[in-house]
Amino acid sequence: MKILVTGGLGYIGSHTVVELLNDNYEVIVIDNLSNSKESVKDNIEKITNKEFELVIGDVCNKDIVEDIFKNNKIDAVIHFAGYKAVGESVAKPLMYYHNNLFSTINLLEVMEKYECRRIVFSSSATVYGKPESLPIKEDFKLSTTNPYGTTKLMIEDILRDLYVSNNDWSIAILRYFNPVGAHKSGLIGEDPNGIPNNLMPYIVKVANKELECLSIFGDDYDTKDGTGVRDYIHVVDLSLGHIKAIEYVLKNKGVDEYNLGTGKGYSVLEMVKTFEKVNNVNVNKKIVERRPGDIDACYADSRKAKEILGFEAKKGIEEMCLDSYNYVKKNL
Ligand code: NAD
Ligand code: UD1
């Protein structure tokens with residue numbers, strides 16, 4: 001089976017390519033290197049001892065995408081390519097709508113033309129907006145609070161409409177909670193440019209003395225210790241969720257949404273303390289104002305992915321903290 005992976009050199013994509021190769025899928029990656037490096041290819045090949053084809057190109061360029069389908073029989077696509085920074089999407093909405101929507105529409109048009117109608121799409125728990133209750137189930141009301149989230153919701157709607165237009169499509173929409181961690185080898189992981197927005201990469205940089213102090217955004221939330229609670233999922237578990245989703249879309253038709261999380265929520269303080277303990281380091285921290293737009297708590301009801309896809313996250317926060325730090329220490 002040949003799988004096209006868009007954005008396959010990125011954080012989640014690279015870990016998923018490893019698992020696909022480990023499972024003997026043939027893989028073609030298209031990536032424009034806007035948020036990744038070409039050297040990731042060598043590292044994936046080192047980990048797996050297998051090779052794959054890389055097309056350096058933009059999914060917004062239809063000719064490039066069409067060439068891939070003309071020259072290969074693609075059985076299914078995993079579509080990671082897109083921009084993902086919430087704050088940047090508020091500052092540059094057109095850039096986000098352009099990249100995330102055009103790339104997806106191009107891809108789907110070419111897939112329709114070549115009658116490849118199986119796709120796994122990277123959505124996000126951000127489509128739940130401010131959830132009314134917890135844990136979050138897939139049938140909760142959807143809403144967004146920033147352009148990034150809106151692109152995800154718009155693409156979900158496009159995919160649902162596409163299935164209505166042609167029941168031959170098989171579409172798995174995966175809503176990720178908070179991916180963290182890295183491959184055990186330390187060869188691939190998360191490497192954000194500049195000052196990170198997300199919690200784990202920030203903790204890692206403070207531990208590594210690249211940044212001075214972690215600002216904890218608020219300690220007066222309605223949670224166990226007042227700090228924000230999230231559902232952190234190890235990126236290797238998340239990648240295995242994509243393997244289950246690919247197996248599913250290869251066998252079944254339809255469109256459906258799945259939460260990929262652990263179903264457990266941990267607070268900022270719990271994450272920092274665990275990180276300090278397992279890595280035996282100190283993380284300077286101070287409590288500051290809440291970050292605008294943040295919610296108290298967010299964690300998944302992960303039963304649907306288990307029941308239908310057979311996916312269950314296995315790794316705990318200790319392993320997430322260890323692997324995140326290990327990657328950065330190895331790549332100083
Ligand atoms: P990432 O930025 O590390 O990876 C995305 C990859 O896509 C990068 O390698 C980038 O170079 C490439 N890319 C972007 N636009 C492209 C285009 N037009 N053509 C070709 N390549 C392009 O991000 P990630 O964390 O691996 O996320 C993957 C997907 O999962 C994204 O769609 C993201 O929105 C979604 N997601 C991520 C998170 C998270 O916390 N990391 C959470 C929820 C959803
Ligand atoms: C963010 C995005 C969300 C995206 C998700 C996963 C925002 C508003 N939301 O969510 O759309 O789907 O990442 O990529 O950016 N925290 C600190 N100090 C920090 C950083 C974070 O205290 O320096 C806290 C936050 O307040 C939150 C928790 O840590 O309680 C997790 O934050 P973060 O990693 O940014 O993820 P989300 O807020 O869940």
Acceptor/donor pairs from residues 51-59 side chains to any protein atom, 3.5 angstrom cut, sequence neighbours excluded:
residue	atom	partner	partner atom	Å
Asp58	OD1	Cys60	N	2.7
Asp58	OD2	Asn32	ND2	3.3

Item checked: Over all atoms of both residues, closest heavy-atom pair of Val281 and Ala207 -> CG2-CB, 4.1 Å
Notebook entry, point to check: Is any side-chain heavy atom of Leu322 less than 4.5 Å from a side-chain heavy atom of Asn326?
Noted result: no
Check: Can you find a heavy atom in the side chain of Lys130 that is under 4.5 Å from one in the side chain of Thr145?
Finding: no
Notebook entry, point to check: Looking at Ile3, Ile243, Ile78, Val77, which one forms a side-chain contact (heavy atoms from CB on, under 4.5 Å) with Val120?
Noted result: Ile78
Next item on the list: Could you tell me whether the side chain of Met271 reaches within less than 4.5 Å of the side chain of Arg230, counting heavy atoms only?
Entry: no
Notebook entry, point to check: Is it true that atom NZ of Lys62 has more than 12 heavy atoms of other residues, nucleotides or ligands lying nearer than 6.0 Å?
Noted result: yes
Next item on the list: Classify the side-chain pair Glu88/Tyr148 by whether it contains a donor and acceptor separated by less than 3.5 Å.
Entry: no
Margin query: Please evaluate residues Phe217 and Val268 with respect to the criterion side-chain contact (heavy atoms from CB on, under 4.5 Å), reporting the C-alpha separation (whole Å), side-chain torsions for both, the decisive distance (0.1 Å), and the verdict.
Written below: CA-CA 9 Å; Phe217 299 140; Val268 176; over 6 Å; no
Note to self: Other residues, nucleotides and ligands only: do more than 12 of their heavy atoms fall within 6.0 Å of NZ on Lys306?
What the structure shows: no
Next item on the list: Using the six-membered ring wherever Trp is involved, compare the ring planes of Phe140 and Tyr128 and label them parallel, tilted or perpendicular (cut-offs 30° and 60°).
Entry: perpendicular
Next item on the list: Scan side-chain atoms only and decide if Asn22 and Lys50 contain a donor-acceptor pair under the 3.5 Å cut-off.
Entry: no
Note to self: Quick one, Leu108 and Leu159 - any side-chain contact, counting heavy atoms below 4.5 Å?
What the structure shows: yes
Check: Is the number of heavy atoms from other residues, nucleotides or ligands within 6.0 Å of CG (Asn166) greater than 12?
Finding: yes
Check: Counting heavy atoms not belonging to Lys184, are there more than 12 under 6.0 Å from its NZ?
Finding: yes
Notebook entry, point to check: Should Glu270 and Lys264 count as an ion pair when the cut-off is N to O under 4.0 Å?
Noted result: no
Item checked: Heavy-atom side-chain contact between Arg117 and Met111 under 4.5 Å -> no
Check: Is it the case that more than 12 heavy atoms not belonging to Asn282 sit under 6.0 Å from its CG atom?
Finding: yes
Margin query: Please evaluate residues Arg160 and Glu156 with respect to the criterion salt bridge (Lys or Arg N to Asp or Glu O under 4.0 Å), reporting the C-alpha separation (whole Å), side-chain torsions for both, the decisive distance (0.1 Å), and the verdict.
Written below: CA-CA 6 Å; Arg160 286 184 279 263; Glu156 285 202 5; 3.0 Å; yes
Determine all donor-acceptor pairs shorter than 3.5 Å in which one atom belongs to a side chain in residues 297-304; sequence neighbours excluded.
residue	atom	partner	partner atom	Å
Asp301	OD1	Arg303	N	3.1
Asp301	OD1	Arg303	NE	3.1
Asp301	OD2	Arg303	NE	3.3
Asp301	OD2	Arg303	NH2	2.7
Lys304	NZ	Asp256	OD1	2.6
Lys304	NZ	Glu257	O	2.9

Note to self: Please determine whether residues Val86 and Leu199 belong to a single hydrophobic cluster, defined as Ile, Leu, Val, Met, Phe, Trp and Tyr linked transitively by side-chain heavy-atom distances below 4.5 Å.
What the structure shows: no
Notebook entry, point to check: Is a side-chain N or O of Asn279 found less than 3.5 angstrom from the main chain of Cys321, in a donor-acceptor match?
Noted result: yes
Next item on the list: Find out whether Asn146 and Tyr96 are in side-chain contact, i.e. whether some heavy atom of one side chain is under 4.5 Å from a heavy atom of the other.
Entry: no
Check: When hydrophobic residues are tied together by side-chain contacts of less than 4.5 Å, even through go-betweens, does Tyr97 share a cluster with Phe121?
Finding: yes
Notebook entry, point to check: Does Asn252 offer a backbone N or O that forms a donor-acceptor pair with the side chain of Ser170 under 3.5 Å?
Noted result: yes
Next item on the list: State plainly whether one hydrophobic cluster holds both Tyr248 and Leu238, where clusters connect Ile, Leu, Val, Met, Phe, Trp and Tyr through side-chain heavy atoms under 4.5 angstrom apart.
Entry: yes
Check: Should Tyr258 and Ile308 be marked as a side-chain contact (heavy atoms from CB on, under 4.5 Å) after you check the CA-CA gap, both sets of side-chain angles, and the distance that decides it?
Finding: CA-CA 9 Å; Tyr258 306 92; Ile308 299 180; 3.7 Å; yes
Next item on the list: Just do the side-chain contact (heavy atoms from CB on, under 4.5 Å) check on Thr104 and Ile158 with the steps written out, would you?
Entry: CA-CA 9 Å; Thr104 307; Ile158 290 170; 5.6 Å; no
Check: If every non-hydrogen atom of Val40 is compared with every non-hydrogen atom of Ser14, which pair is closest and at what distance?
Finding: CG1-CB, 3.7 Å
Check: According to the ring pair (Phe, Tyr, Trp, His ring centres under 6.0 Å) rule, which pairs have a member within residues 159-209, sequence neighbours left out?
Finding: Tyr176-His242
Next item on the list: For Pro196 and Leu211, work out which heavy atoms get closest and say how close.
Entry: CD-CD1, 3.9 Å
Note to self: Main chain of Ala305, side chain of Asn259: is a donor-acceptor contact present, judged purely on distance under 3.5 Å?
What the structure shows: no
Item checked: Glu210 CD: over 12 foreign heavy atoms closer than 6.0 Å -> yes
Notebook entry, point to check: Roughly how far, to the nearest 0.5 Å, is the NZ atom of Lys286 from the CG atom of Asp219?
Noted result: 14.0 Å
Note to self: Between Lys113 and Glu109, does any NZ, NE, NH1 or NH2 come within less than 4.0 Å of an OD or OE carboxylate oxygen?
What the structure shows: no
Next item on the list: Consider only side-chain heavy atoms of I, L, V, M, F, W and Y, link residues closer than 4.5 Å, and tell whether Ile119 and Ile12 are in one cluster.
Entry: no
Next item on the list: Mind listing the closest non-hydrogen atom pair of Glu212 and Asn284 along with its distance?
Entry: O-ND2, 3.2 Å
Margin query: I'd like to know if the side chain of Tyr25 pairs up with that of Glu19 as donor and acceptor (distance under 3.5 Å, no hydrogens or angles considered).
Written below: no
Notebook entry, point to check: Rounded to the nearest 0.5 Å, how far apart are CG of Asp31 and OG of Ser36?
Noted result: 3.5 Å
Next item on the list: Report, as yes or no, whether the 6.0 Å neighbourhood of atom NZ on Lys2 holds more than 12 heavy atoms from other residues, nucleotides or ligands.
Entry: yes
Note to self: Quick one: does any side-chain atom of Lys330 pair with a main-chain N or O of Ser185 as donor and acceptor, under 3.5 Å?
What the structure shows: yes
Notebook entry, point to check: How far apart are the C-alpha atoms of Tyr325 and Asn208, what are their side-chain angles, what is the distance that settles it, and do they pass the side-chain contact (heavy atoms from CB on, under 4.5 Å) test?
Noted result: CA-CA 8 Å; Tyr325 197 37; Asn208 220 17; 4.1 Å; yes
Notebook entry, point to check: Is there a side-chain contact between Lys253 and Asn167, using heavy atoms and a 4.5 Å cut-off?
Noted result: no
Check: Ile155 versus Ser123: any side-chain heavy-atom pair under 4.5 Å?
Finding: no
Checklist line | Within 6.0 Å of NZ in Lys205, more than 12 heavy atoms from elsewhere | finding: yes
Item checked: Donor-acceptor under 3.5 Å (Thr6 side chain, Ala81 main chain) -> yes
Checklist line | ILVMFWY cluster, Val204 and Tyr266 together (side-chain gap under 4.5 Å) | finding: yes
Notebook entry, point to check: Which heavy atom of Asp225 sits nearest a heavy atom of Ser267, and at what distance?
Noted result: OD2-OG, 2.6 Å
Item checked: Nearest atoms (heavy-atom pairs only) where Asn100 meets Thr151 -> ND2-OG1, 3.0 Å
Notebook entry, point to check: So, Arg175 and Glu138, do they make that salt bridge, N to O below 4.0 Å?
Noted result: no
Next item on the list: State whether the side chain of Asn43 and the backbone N or O of Ile188 hold a donor-acceptor pair below 3.5 Å, judged by distance alone.
Entry: no
Note to self: Tell me whether Asp75 contacts the main-chain N or O of Met1 through its side chain, where contact means a donor paired with an acceptor under 3.5 Å.
What the structure shows: no
